[in-house]
2 protein chains.
Amino acid sequence: MTPRRLARAATRSDRPKVVYEQLRELIVHGRLAPGSRLVETDIAERFAVSRTPVRGALQRLRQEGYIVDSPSMRQSRPTVAPLTGDDARELFDIVGQLEALSAYNAAELPEPARTALVAELATINADLGKAAGTPRPDHNRLWNLDERFHERCVEVAAGPRLKLLHSSIKPQAERYERLYVSYLAGYMSPSLAEHDDIIAAIRRGDAAAAKAAVERNWHNAAERLGQVIERVGDWGRW
Amino acid sequence: MTPRRLARAATRSDRPKVVYEQLRELIVHGRLAPGSRLVETDIAERFAVSRTPVRGALQRLRQEGYIVDSPSMRQSRPTVAPLTGDDARELFDIVGQLEALSAYNAAELPEPARTALVAELATINADLGKAAGTPRPDHNRLWNLDERFHERCVEVAAGPRLKLLHSSIKPQAERYERLYVSYLAGYMSPSLAEHDDIIAAIRRGDAAAAKAAVERNWHNAAERLGQVIERVGDWGRW
DNA sequence: TTTGGGGTAACTGTATACAAATCCACGACC
DNA sequence: GGTCGTGGATTTGTATACAGTTACCCCAAA
């Protein structure tokens with residue numbers, strides 16, 4: 001990957017966005033470990049831009065929770081946010097609440113769109129079941145399918161505000177999911193059943209049930225993940 | 001008010017924050033009308049700082065939804081976000097979901113804290129009832145009490161992430177509430193009863209009920225507000 | 001009177017120089 | 001040997017100059 005050229009080639013007003021996306025990618029995929037210090041000048045040099053667009057990207061990452069300021073001093077020293085069990089639980093509950101609202105709206109969608117969505121979700125979940133059933137499941141594929149399942153509801157049914165919020169928070173859950181997906185692969189079958197509940201509720205237009213089903217799915221996921229984290233240990237704390 | 005001196009006196013690393021807070025205050029209180037253009041140079045001059053901290057403040061306001069970019073062009077021209085019925089409904093539902101999660105946690109609080117919170121909420125709601133019962137209610141006082149009622153749950157029971165999210169979204173609901181509070185004063189009694197439901201659920205430690213009660217409260221508030229907006233007309237659109 | 005085009009003014013994006021504040025290491029003194 | 005202080009290096013915060021783009025205004029022509 002050659003970030004230098006990407007950022008340079010970017011048109012004027014996209015530079016902060018490009019830097020933001022690249023950094024986020026690095027954080028989510030763990031290439032920037034929790035606790036790492038982010039130095040403006042280093043980043044600027046690395047992407048071949050000045051500190052100005054870098055500042056924009058960092059501020060956004062900070063506001064969205066990907067990076068935090070070192071606790072000690074008044075002058076802010078941004079570091080990659082740590083991954084802890086408590087944070088995971090809170091984060092998953094929040095994402096669950098937001099996606100639950102989407103599901104609520106999805107269940108109230110007018111008829112042609114709703115059936116289409118249900119069909120789509122059913123297909124994805126079936127694929128997910130098949131992928132999980134194989135002897136050595138492809139973790140990346142599992143994650144992608146699960147991701148798409150949740151994403152579709154939001155894309156179709158959420159309003160602009162909800163979409164914005166979701167897109168800024170969801171990737172942070174991705175940090176945890178990507179790290180622990182190998183440990184979580186064994187817990188797929190309850191998740192599959194929960195997805196079926198969601199689909200059924202949306203199909204019959206039962207908004208309250210759809211909402212509750214999504215909340216359950218995420219709350220259970222938080223519990224499963226929390227247990228795994230406690231077993232394996234936190235990252236970025238000691 | 002003399003913003004010049006405020007921003008100047010602020011210590012180095014607080015300047016963007018001060019500008020942010022002042023601008024947000026102006027927007028929330030309607031002194032900056034929906035659709036107004038925000039020009040970096042003007043703001044910088046007004047607060048007697050350079051464009052750099054102003055940019056930080058604007059970026060934050062944009063990300064939180066207080067300002068939007070003029071629809072047409074690639075270069076961003078920030079304007080104060082319009083107020084519409086649809087947006088109000090979506091916004092209130094989101095805030096409701098977040099506060100519902102807080103209430104859920106509040107109902108699971110360990111014992112000394114929970115009783116204290118319940119007592120506090122009961123007092124506030126009683127004051128609210130008294131204030132609403134007087135012949136010519138003080139709208140500002142009504143709003144403050146209602147605000148405090150909702151705020152306490154979050155302060156006591158929410159985790160750091162939830163608090164952060166809430167503090168960035170809630171003031172946007174405030175924009176609507178402050179504008180329409182005079183029209184909404186007549187609808188206080190259902191809201192009072194809904195508050196009582198919340199208090200009762202937390203008191204008996206019924207987390208699910210507390211969550212549902214908060215969601216109902218906000219969803220109904222969204223409906224009441226939506227009707228008022230449709231009657232009175234949107235702001236910032238025509 | 002309205003519409004189209006060109007030119008100018010205004011505003012934002014970027015880069016960079018400078019100032020202030022913190023951290024780190026080294027050394028002196030107890 | 002340990003601890004505290006001081007000086008330099010590092011890094012962020014701020015201001016400002018410059019470049020590129022957009023919008024607006026004015027004037028001419030239909």
Side-chain angles (χ1 to χ4, degrees), chain A residues 3-23 27 32 35-64 66-81, chain B residues 3-23 26-27 32-33 35-64 66-81:
Chain A
R4 317 187 83 92
R5 311 202 40 185
L6 276 172
R8 258 303 179 216
T11 143
R12 179 180 175 76
S13 70
D14 286 337
R15 265 178 238 188
K17 195 171 173 180
V18 171
V19 174
Y20 161 79
E21 283 168 355
Q22 301 262 338
L23 285 177
I27 293 172
L32 256 65
S36 307
R37 288 259 297 269
L38 297 170
V39 178
E40 290 182 3
T41 30
D42 293 350
I43 300 168
E45 190 184 1
R46 180 163 181 198
F47 290 98
V49 296
S50 82
R51 278 177 52 210
T52 310
V54 173
R55 282 178 78 79
L58 286 182
Q59 191 189 333
R60 182 165 171 195
L61 289 167
R62 183 166 21 203
Q63 194 171 351
E64 292 180 352
Y66 294 96
I67 64 184
V68 296
D69 291 351
S70 285
S72 52
M73 44 249 150
R74 207 156 48 204
Q75 195 171 231
S76 90
R77 297 294 182 88
T79 64
V80 176
Chain B
R4 318 184 82 92
R5 310 201 42 183
L6 277 172
R8 257 301 179 220
T11 139
R12 177 180 176 75
S13 70
D14 286 338
R15 265 178 241 189
K17 195 171 173 179
V18 171
V19 174
Y20 161 79
E21 284 168 354
Q22 301 262 337
L23 285 177
L26 290 173
I27 293 172
L32 257 65
S36 307
R37 288 264 301 274
L38 297 169
V39 178
E40 291 182 1
T41 325
D42 294 349
I43 300 168
E45 190 185 0
R46 183 172 171 173
F47 290 97
V49 296
S50 82
R51 278 177 53 211
T52 310
V54 173
R55 282 178 78 79
L58 286 182
Q59 191 188 334
R60 183 164 170 195
L61 289 167
R62 182 165 16 196
Q63 195 171 350
E64 292 180 352
Y66 295 97
I67 64 185
V68 295
D69 290 351
S70 286
S72 53
M73 46 252 151
R74 210 161 45 211
Q75 196 170 226
S76 90
R77 297 294 180 91
T79 64
V80 177

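Just so it is clear, the values below take in all heavy atoms, side chains as well, and ignore hydrogens, waters and symmetry mates. Convention: sequence-line order gives letters A, B, ...; per-chain numbering from 1.
Rounded to an integer number of Å, the gap from CD of B/Glu45 to C1' of C/dC11 is 14 Å. Atom CD1 in B/Ile67 sits roughly 10 Å away from atom P in C/dT12 (whole-Å rounding). Between the CD atom of A/Glu40 and the C1' atom of D/dT12 there is a distance of 6 Å, given to the nearest Å. Taking atom CG on A/Asp14 and atom C1' on D/dG20, their separation rounds to 14 Å, with Å as the unit. Distance B/Arg51 CZ to D/dG13 C1': 16 Å, rounded to the nearest Å. Going from atom NZ of B/Lys17 over to atom C1' of D/dT14 covers 18 Å, rounded to whole Å. Remark: C1' of C/dA9 and CZ of B/Arg77 are 11 Å apart, rounded to the nearest angstrom.
Between A/Arg55 and D/dG13, a side-chain N or O to OP1/OP2 separation shorter than 4.0 Å is present. Between C/dA15 and A/Ser50, a contact under 4.0 Å exists linking OP1 or OP2 to a side-chain N or O. In terms of phosphate contacts, A/Arg37 brings no side-chain nitrogen or oxygen within less than 4.0 Å of OP1 or OP2 of D/dT10.
Side chain of B/Val39, nearest nucleotide from D/dA15, D/dT12, C/dT12: C/dT12. Among C/dA15, D/dT12, C/dT12, the nucleotide with an atom closest to any side-chain atom of A/Thr41 is D/dT12.
Nucleic acid contact for A/Leu38: sugar-phosphate only, since backbone atoms but no base atoms lie under 4.0 Å from a heavy atom of the residue.
In summary, of the residues considered (B/Val39, B/Ile67, B/Val68), a side chain to side chain contact (heavy atoms under 4.5 Å, CB included) with B/Pro78 occurs for B/Ile67 alone.
For the pair A/Glu40 (side chain) and A/Val54 (backbone), a donor-acceptor distance under 3.5 Å is absent.
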